[in-house]
Amino acid sequence: MDLKGLTVKKFNKGLVAGNFSACEAVEEFFNSIEEKDKKIDAYLSLNKDFALNQAEDTDRKIAKKEKINLMAGIPMAVKDNILIEGLPATSASKILENYRASYDATVIKKLKNAGAVFLGKTNMDEFAMGSSTENSGFKITKNPHDLTRVPGGSSGGSAAAVAADLAVVALGSDTGGSIRQPAAFCGVVGLKPTYGAVSRYGAMAMASSLDQIGSFGKTVEDAAILFKEISGHDDLDSTSAAASYGEELINPDFENIKKLKIGIPEEYFAPTFQSESRPDGVGIDGLDNEVGKNIEAVINDFKKSGFEIKKISLPHTKYALSCYYIIMPAEASTNLSRYDGIRYGIRSEEKTLLDMYKKSRSKGFGEEVKRRIILGTFVLSAGYYDAYYAKAQKVRSLILIKNDFDEAFKQVDVILTPVSPTLPFKIGEKISDPLSMYLSDIFTIPVNLAGVPAVSIPVKNPTTALPVGFQLIGRHFKEADILGLGQYYEQSII
Ligand code: GLN
């Protein structure tokens, strides 16, 4: 069985044709994990018996000639902040080291019903805070394309698992870029759905007004298949929407796709990609020439294929990062207050209750998580609430969402941008400089603030040895537009 290039549809075909059984596939993947994951460290925990049990169900159905779901038997990976009943769920934090989930997340329930097989839980930045997976409390995942470099983050384990053929598809979460940036760094596809399109019930909350669960695949089609399976309204998540998606996610009508107008935010693509060439205060610093050149090649490919390309403006992107680093820590500091040594996770036995709280949290949380709890508590404190949190919320809703994206989507259907301003960086390169790490998400964060969907797609034949990703951003609930355009790029542009 060749795991390389194995997509959902290829797997399904082979399974139905009897070329292999679902249980054999599990064995194959575990062999591959055994061989390769010592070096990559994509997985935090593995669950072979559990996976074999799930696979047996599908094999039984096939033996009885029952119709199976496209996701049946598919060996997949799950980020460790998503709950699977009975299995470890640590969010890569020491504070949850021995915690096991007591129920299934809604996405897991749906995938279990579809027959998908969970091989294991993947490494991540602790509580999804980071862009390199170096903030994991347990280990650092390496980029399968170059083991000295980071896979991106925070869903670095899921992206690396798919890239290294240690899973066919994977689940991740994206609060500011955590699916799209690691997808770009590892050369796979990553989708952050519209806010509300996928239930977050059973996902450990980081910043609840921004968090979304989404999909990784080797192809846009695979990311679309997984997304279709997990999307839909859920009574258990009050933010989940009633949107429903049809077959066009997976089988787009390219005649319609060819009519989509593509917008290029001019501030993101100054002519030489150098800061001197940009008008004062408008452009975005730090876009690597190498990344810029590759994104430009993608734009030219679309042009050559006859797409209408239009310059647009997202002038307030420069405020997005500041806005995000107030709202996100504020919400995270509140969400993380539940890890107190009493309800979950490790407890430091101290003489007084206050000491017990303090020591449990000091020992259990890593540096980055503590930094954000302190930041968040500060911006929410009585004297500073209006100056920081309330102001950031206004900037978010009045300027970033209402003006920038609404105006842009009056003129175009899809927006094309880079995913990350840099290529995958070296392990250790940015870890002691939080600001440069935060800047990794400059192109992805505005999307979360606006709640719109976006997908990261690998540039074909990049000029670099390392993968580069481009981002397609769509209107609310128009995943079909970005996934359709992505599939067009994959299949029709050489
Ligand atoms: N890298 C960003 C951060 O550190 C985004 C994280 C995420 O999307 N979970 O907050």
Side-chain angles (χ1 to χ4, degrees), residues 79-82 91-93 122-137 141 150-159 170-186 190-193 195 198 200 203-216 286 320-333 335-336 365-376 379 392 396 419-422 424-425 429-456 469 471:
K79 189 176 181 179
D80 206 32
N81 60 352
I82 299 171
S91 246
S93 180
T122 53
N123 197 22
M124 56 187 280
D125 287 297
E126 185 178 4
F127 286 111
M129 297 180 187
S131 311
S132 68
T133 318
E134 291 165 292
N135 292 335
S136 165
T141 300
V150 303
S154 65
S155 316
S158 285
L171 286 180
S173 68
D174 190 313
T175 304
S178 276
I179 291 177
R180 289 158 289 157
Q181 185 255 19
F185 277 16
C186 291
L191 170 72
K192 187 217 78 91
Y195 185 78
V198 177
R200 289 104 41 92
M204 292 184 201
M206 176 189 177
S208 310
S209 75
L210 301 158
D211 297 341
Q212 261 308 281
I213 296 179
S215 54
F216 286 98
L321 206 65
S322 328
C323 197
Y324 175 83
Y325 274 97
I326 291 172
I327 294 171
M328 174 274 298
E331 294 182 10
S333 68
N335 276 325
L336 266 56
F365 288 135
E367 288 307 301
E368 184 59 29
V369 174
K370 285 183 206 163
R371 182 171 12 250
R372 296 191 192 197
I373 292 174
I374 293 169
L375 266 174
V379 299
R396 174 185 186 179
V419 177
S420 159
T422 67
F425 44 89
E429 193 181 321
K430 297 194 178 182
I431 195 69
S432 50
D433 181 358
L435 190 58
S436 83
M437 189 75 89
Y438 296 170
L439 284 165
S440 309
D441 302 305
I442 185 82
F443 297 119
T444 48
I445 278 175
V447 169
N448 298 74
L449 289 170
V452 288
V455 62
S456 168
Q471 173 170 244

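One-based numbering, in listed order, for ligands and for the atoms of each.
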Please answer whether the main-chain N or O of G152 pairs with a side-chain N or O of T133 as donor and acceptor at a distance below 3.5 Å.
yes
Which atoms of ligand 1 have any heavy atom of A128 under 4.0 Å away?
6 (C), 7 (C), 9 (N)
Hey, looking at atom 4 (O) of ligand 1, which of M437, R180, R372 has the closest heavy atom?
R372
Find all atoms of ligand 1 within a distance of less than 4.0 Å from any non-hydrogen atom belonging to G176, and give their numbers and elements.
5 (C), 7 (C), 8 (O)
Contact check, E368 vs ligand 1, heavy-atom distance below 4.0 Å
no
Between Q212 (side chain only) and Y195 (backbone N and O only), is there a donor and an acceptor less than 3.5 Å apart?
no
Protein contact to atom 5 (C) of ligand 1 [nearest heavy atom, distance to 0.1 Å]
Y324 OH, 3.3 Å
May I ask you to decide whether R371 forms a salt bridge with E367, counting only side-chain N to carboxylate O separations under 4.0 Å?
no
Starting from atom 1 (N) of ligand 1, find the nearest protein heavy-atom neighbour and note its residue, name and distance.
D441 OD2, 2.7 Å
For ligand 1, which atoms sit closer than 4.0 Å to a heavy atom of Y325?
3 (C), 4 (O), 10 (O)
Heteroatom distance test (G153, ligand 1): nitrogen or oxygen, under 3.5 angstrom:
no
Classify the ring geometry of Y438 against Y325: parallel below 30°, tilted from 30° to 60°, perpendicular beyond 60°.
parallel
Per-atom contacts, ligand 1 versus G130 - under 4.0 Å to a heavy atom:
1 (N), 2 (C), 3 (C), 4 (O), 6 (C)
With a 4.0 Å heavy-atom cut-off (strictly under), which part of Q181 contacts ligand 1: side chain, backbone, both or neither?
neither
Just by modelled atom types, is the D174 backbone N or O under 3.5 Å from a matching donor or acceptor in the N448 side chain?
yes
side-chain hydrogen bond (donor to acceptor under 3.5 Å, both in side chains) with K79: of S91, S178, S154, S158, only one passes, and it is S154
Donor-acceptor pair, S155 side chain versus S173 backbone, under 3.5 Å?
yes
Are any of the N/O atoms on M129, whether in the backbone or the side chain, positioned under 3.5 angstrom from an N/O atom of ligand 1?
no
Within ligand 1, which atoms have a heavy atom of S154 less than 4.0 Å away?
9 (N)
Keeping the roles fixed (side chain from R180, backbone from S456), state whether a donor-acceptor pair exists under 3.5 Å.
no
Q181 and S420: side chain donor to acceptor below 3.5 Å
no
Closer than 3.5 angstrom, by distance alone: can the side chain of T122 be matched with the main-chain N or O of G157 as a donor-acceptor pair?
no
Here the atoms of ligand 1 under 4.0 Å from any heavy atom belonging to D174 are 8 (O)
Is the backbone of G176 close enough, under 3.5 Å, to the side chain of T444 for a donor and an acceptor to pair up by distance?
yes
Please work out, at 4.0 Å between heavy atoms, whether the side chain, the backbone, both, or neither of S178 comes within that distance of ligand 1.
both
So is F127 in contact with ligand 1, going by heavy-atom distances below 4.0 Å?
no
Taking 4.0 Å as the limit for heavy-atom contacts, which would you say applies to Y438 with ligand 1: side chain only, backbone only, both, or neither?
neither
Based purely on interatomic distance, does M206 place a nitrogen or oxygen under 3.5 Å from a nitrogen or oxygen of ligand 1?
no
